[in-house]
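Down below is the structure, laid out as structure tokens.
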Amino acid sequence: ETKIQFKKNIRRLEKELQNKAINDLIYKYVHDIRSSLTPIKPYAELLKKVEDSSTKNRILDQMSTSSQQVELLLIQLIKDVDQLCKPQNP
């Protein structure tokens with residue numbers, strides 16, 4: 001195996017490992033995002049039935065918290081993917 005071919009193989013393997021790391025990271029975040037989104041739909045349905053304003057406010061607070069969690073997870077996901085995609089110095 002030539003030195004050039006060896007370097008190409010190393011770069012290919014590094015790229016495969018990077019892709020796997022990105023896929024694993026995205027899978028983790030998708031799970032966390034889904035968990036944060038899950039309560040929003042039932043809360044919205046509950047809001048249609050609740051008449052008490054203090055109960056509605058508590059439900060809205062929960063929905064807001066869930067949506068903020070999703071936003072934070074997405075921001076962190078972008079940062080983590082950017083970090084993984086940065087070129088590595090040899």
Using 0.5 Å steps for rounding, measure from the [atom1] atom of [X] to the [atom2] atom of [Y].
X	Y	atom1	atom2	value
K79	L77	NZ	CG	11.5 Å
I33	S66	CD1	OG	13.0 Å
I4	N9	CD1	CG	12.0 Å
I59	L47	CD1	CG	4.5 Å
L13	K15	CG	NZ	13.0 Å
I75	D80	CD1	CG	12.0 Å

Crowding at CD, Q76 (>12 non-hydrogen neighbours, <6.0 Å):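 Atom CD in Q76 is packed in, count exceeds 12.
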K28 atom NZ: more than 12 heavy-atom contacts under 6.0 Å: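 Result for NZ/K28: enclosed.
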Identify, with sequence neighbours excluded, every residue that meets side-chain hydrogen bond (donor to acceptor under 3.5 Å, both in side chains) alongside [X].
X	value
K7	none
S53	none
Y43	none

The criterion is side-chain contact (heavy atoms from CB on, under 4.5 Å); which residues satisfy it with Q68, sequence neighbours excluded?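 Expected list: S64.
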Write out all pairs satisfying salt bridge (charged side-chain N to carboxylate O under 4.0 Å, His left out) with one or both partners inside residues 42-60, taking only residues at least two apart or from two chains.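 Every pair satisfying salt bridge (charged side-chain N to carboxylate O under 4.0 Å, His left out) with a residue in residues 42-60: E45-K48.
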Pairs of donor and acceptor atoms involving the side chains of residues 35-42, under 3.5 Å and at least two apart or interchain, shall be tabulated with distances.
{"residue": "S35", "atom": "OG", "partner": "H31", "partner atom": "O", "Å": "3.1"}
{"residue": "S36", "atom": "OG", "partner": "D32", "partner atom": "O", "Å": "3.3"}
{"residue": "S36", "atom": "OG", "partner": "Q69", "partner atom": "OE1", "Å": "3.4"}
{"residue": "T38", "atom": "OG1", "partner": "R34", "partner atom": "O", "Å": "2.7"}

Can you tell whether the side chains of E16 and R12 come within less than 4.0 Å, N to carboxylate O?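 Yes, this pair counts.
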Would D24 and K20 pass as an ion pair if we require N to O under 4.0 Å?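 Looking at D24 and K20, the cut-off is met.
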Given side chains that start at C-beta, do those of L74 and Y29 come closer than 4.5 Å, heavy atoms only?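 Counting from C-beta outward, L74 and Y29 never come under 4.5 Å.
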Between L60 and L46, is there shared hydrophobic-cluster membership here, with clusters defined by ILVMFWY side-chain heavy atoms closer than 4.5 Å?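 In one cluster with L60: L46, yes.
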Linked, directly or transitively: V81 and V30 (ILVMFWY side chains, under 4.5 Å):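 Yes, it is one cluster - the side chains of V81 and V30 are joined through contacts under 4.5 Å.
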To check you understand the geometry: which heavy-atom pair defines the closest contact between C85 and I22, and what is its length?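 Heavy-atom minimum between the residues: SG-CD1, 3.5 Å.
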